[in-house]
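Just so we're on the same page: letters track the sequence lines, and every chain starts at 1.
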Protein chains: 2
Amino acid sequence: MSEALHILKRHQLSNTDSRRTVLEVFLQSESALAHQDIERETGERFDRVTIYRTLQTFIDKGIVHTIPTADNGTKYALCRENCSEGHHHDNHVHFICDVCGKTSCLDDVAIPSVRLPEGFSVTKIDMVVNGICVECR
Amino acid sequence: MSEALHILKRHQLSNTDSRRTVLEVFLQSESALAHQDIERETGERFDRVTIYRTLQTFIDKGIVHTIPTADNGTKYALCRENCSEGHHHDNHVHFICDVCGKTSCLDDVAIPSVRLPEGFSVTKIDMVVNGICVECR
DNA sequence: AGTTAATTGCAACTCCGTTGCATTTTAACT
DNA sequence: AGTTAAAATGCAACGGAGTTGCAATTAACT
């Protein structure tokens, strides 16, 4: 059984053409993908709306997580750790290369803790680093 | 001379109704503002486009900086430190309260340094913390 | 194979931000 | 103050991102 199929099964998602194909695109990609990238990589075979809904389903199930981009867009990447339904554990730094534009999860770089002023509590932290990646330097 | 006027003078910006009014809104606000907030606070007196252009001018001049929001929007806040033309020094953590929704600059909370893998260089770091602010707890 | 529920595609829509252009306002200079 | 050139504004129109309702299609199960 293919990896993609396995993931769908594990999350009790029905095996549809678009879900399988979108998952395969993620599995073959090293960097995070924008909605447009996915449209292109799937060969324009699926409706925009279908891809949006597929992505939303994957997010709900903890299969992918989102990454905010500098221009107020969203990119999507597979969750490495075991994210559970409705709760993500993507406590890692996201990196955007200024040269190649690729967005990637630095899975091994944990977000450092930060001391907030008295009375503030934390539920979520996003850290996005821009710079030049190891490929482009 | 009003504070707003002073800021405009200092950055060699002509003193127009919209610029003065938008600046005054910022000066009177504790939290960061979305474009919509500014439209409302200025009494719908200016065209959307004018406000967008005014904000862009302020960003270019280092008067305000942007803050990404969770839903891929943008908020704007005055720069406290002296940002120079074309270069911002907003090296502080941004905080979004899950209860009141207000976005604010934690000017006193510096972004902690982070160790990236070998070969990666850094040009910019964004850190956005979600949680509950001191007012809402 | 047939039934039911889930998924998809299509059309339409909202929202955010941008661009071109004609009109108005500002600022600088008599 | 009046003139003028440059800058700023308002309007209309556009483009992209994401959403919603609904009818048609497909998957999963007996």
Atom-pair distance (CD1 on B:Ile51; P on C:dT18), nearest Å: 13 Å

Assign each of A:Asn72 and A:Thr16 to its nearest nucleotide of DNA chain C by heavy atoms, then name whichever residue's nucleotide is nearer the 5' end. A:Thr16

Please classify the nucleic acid contact of B:Thr74 as base, sugar-phosphate, or nothing, using heavy-atom distances under 4.0 Å. sugar-phosphate

Classify the side chain of B:Arg48 versus the base of C:dG17 as yes if they form a donor-acceptor pair under 3.5 Å and no if they do not. yes

Comparing nearest nucleotides in DNA chain C, the 5'-proximal residue of the pair B:Ser14, B:Gln56 is B:Gln56

Expected output: side-chain A:Arg19 to main-chain A:Ser14 donor-acceptor under 3.5 Å: yes

Integer-rounded Å distance: C:dT7 C1' and A:His11 NE2: 19 Å

From D:dA7, C:dC16, C:dG20, pick the nucleotide closest to the side chain of B:Gln36? C:dC16

Nearest heavy atoms of B:Lys75 and B:Asp37, plus distance in Å: NZ-OD2, 4.5 Å

Most 5' of B:Asp47 and A:Asp17 on DNA chain D, judged by nearest nucleotide: B:Asp47

As an exercise, state the distance from CD1 of B:Ile7 to NZ of B:Lys9, rounded to the nearest 0.5 Å. 13.0 Å

Mind calculating the distance between CZ (A:Arg20) and C1' (C:dT8) to the nearest angstrom? 14 Å

Ignoring backbone atoms, test whether B:Tyr52 places a side-chain nitrogen or oxygen under 4.0 Å from the OP1 or OP2 oxygen of C:dT18. no

Which listed nucleotide (C:dG9, C:dC21, C:dG17) is nearest to the side chain of B:Arg53? C:dC21

Among the nucleotides C:dT19, D:dG18, C:dT7, whichever has the atom closest to the side chain of B:Val49 is C:dT19

Kindly give the heavy-atom pair with the smallest separation between B:Ala4 and B:Leu27, and that separation in Å. N-CD1, 3.8 Å

